[in-house]
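This report concerns only the one structure given below.
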There are 2 protein chains.
Amino acid sequence: MAVYRKIASQLRDEIMTQYSTGDLLPPESRLADRFSVNRHTVRRAIDELVQDGLVRRYQGLGCKIVQTPIDYALHDRAAFSHNLNQIGLGLETEIVRCEQVVLPAALAGQLDLALGVRVHELRTRRLVEGDPVCLIRHYLFGLPDAALDAFSGGSLHQFLRDEWSISLRRGTTRLRARMPTLDECTQLSISRGIPVMEVHTHNYCRDTGVLREYSIARSRSDLFEYSVEPKP
Amino acid sequence: MAVYRKIASQLRDEIMTQYSTGDLLPPESRLADRFSVNRHTVRRAIDELVQDGLVRRYQGLGCKIVQTPIDYALHDRAAFSHNLNQIGLGLETEIVRCEQVVLPAALAGQLDLALGVRVHELRTRRLVEGDPVCLIRHYLFGLPDAALDAFSGGSLHQFLRDEWSISLRRGTTRLRARMPTLDECTQLSISRGIPVMEVHTHNYCRDTGVLREYSIARSRSDLFEYSVEPKP
DNA sequence: GAGTGGTCTAGACCACAGG
DNA sequence: CTGTGGTCTAGACCACTCG
């Protein structure tokens, strides 16, 4: 087994057992000394941890442990075919609201963005044969003011690619389930006893790697299912 | 912008316009010459493409294009990075039951298998600091009778690889949410108001492509979250 | 054997955060 | 300013695929 894999594995163990969320990993140079390898080899090991979502790099600062409660990051590589992408095809899209807002503080903190940033907030509702199945909030960063004026439904990513030459690449996606709020019950036409699935997605500019969109989708669990397809 | 990003961007364009699925990219050394950079820089660029799922590396062979522009437009593919392995590290695994049974008829139909097939059924429970968070049923096909006798927790896939030289590859995975049964409430120590997430996974023999495992995981939605990382 | 990707080392300089 | 991560170069050797 490659050296960097062994180091990654050991660091994973130590993070799980000896670190808390927010702690900084020792600097790469120190780790390199400790494991008696080149700094590049340590970097390669940390790459693994970053990919698993265990740590996050901060230039000039260090590597911060970001562990969520239990991050069920999957080790095998497969492709994720996400219904949200195909939604423009089979589902109707209803634009609920589209405006520029100040990014909610909670999101700003989570995404590591400055407070007070103005963003486009697009809220949509997806329907299947008239039944609402999914509510989505898109937060879009760094767009011209009028960027979304012409958007009238369908695939948002397609629209951004065609109209603004912005090509987005999916980043980390998180899925969880919870009970709906009263508001969600109304908008999704469900009773209070039906759970909703909440999916958070990062989308980055394919060229520059900058975060351009963060979306939160809430869907009816009685009608909606997510599937992950293996890569060819 | 970093050199490797520019190169990645250019290669992406060329792949989209001038290559077909299955083609090989020029070797790293040639690309390095062409872009007048070090081979490592080209590698870093190709890393991006691999991460986007555009190409796949084959040691001794080259980099194969695995996605045409058409595929790409239809469904953006991101990867699913999963660590059942890591769960063996940070979480305790409790073996609830391990026996040979006749595959339940409902599953046989769904998986397109004959009725009456005998399989290994392994039931496990995962705990975090003593709290149960996840119940898993593994159905394993075509194993010797005593195959699992020595399994005592940790990663099942690791065990199969080490002890039986069976290397598994993730296939289709489906995720949904629902309310728990009474039995699940008991085993997961949750109240009836907490949804569970249910994840069904196909796993195939990496060599022969034969279905070897079907697993059903049910997890507490108040403690558990699934994450999907972009990756080949 | 020749050519490919995979890993590791060594050294250099840059960009950024913090005191 | 110092220390951190980010990038790039250069060279070496290995593991693998193919003819």
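Naming convention: chains lettered A, B, ... in sequence-line order (proteins, then strands); numbering from 1 in each chain.
Electrostatic pairing of A:Glu99 and A:Arg97 counts as a salt bridge here, judged by a charged N lying under 4.0 Å from a carboxylate O.
Counting only distance, with no hydrogens or angles, the side chain of B:Arg137 and the backbone of B:Ser215 share no donor-acceptor pair below 3.5 Å. In this structure, the side chain of B:Arg212 engages the main chain of B:Phe141 through a donor-acceptor pair within 3.5 Å.
Heavy-atom nearest nucleotides on DNA chain C were determined for A:Ser36 and for B:Leu25, and the one closer to the 5' end corresponds to B:Leu25. Both B:Arg57 and A:Gly60 lie near DNA chain C, and the one whose nearest nucleotide falls closer to the 5' end is B:Arg57.
The side chain to side chain donor-acceptor pair (under 3.5 Å) check on B:Ser219 picks up B:Tyr226, with sequence neighbours excluded. By the salt bridge (Lys or Arg N to Asp or Glu O under 4.0 Å) test, B:Arg34 pairs with B:Glu14, sequence neighbours left out. Looking at residues two or more places apart in sequence or on another chain, you find no ring-ring contact (aromatic ring centres under 6.0 Å, His included) involving A:Tyr4.
The nearest whole Å value for the distance from the CG atom in B:Leu61 to the C1' atom in C:dT4 is 8 Å. For the pair B:Ile46 CD1 and C:dG5 P, the computed distance is 7 Å after rounding to whole Å.
Residues B:His120 and B:Tyr139 place their aromatic rings such that the two centres sit no closer than 6.0 Å.
First and last contacting nucleotides of DNA chain D toward chain A (any atom under 4.0 angstrom from a heavy atom, 5' to 3' order): D:dG3 to D:dC8.
Applying the salt bridge (Lys or Arg N to Asp or Glu O under 4.0 Å) test to pairs two or more places apart or on separate chains, none has a residue in residues 141-160 of chain B.
Near DNA chain C, defined here as any heavy-atom distance below 4.0 Å, the residues from residues 37-45 of chain A are A:Val37, A:Asn38, A:Arg39, A:His40, A:Thr41, listed numerically.
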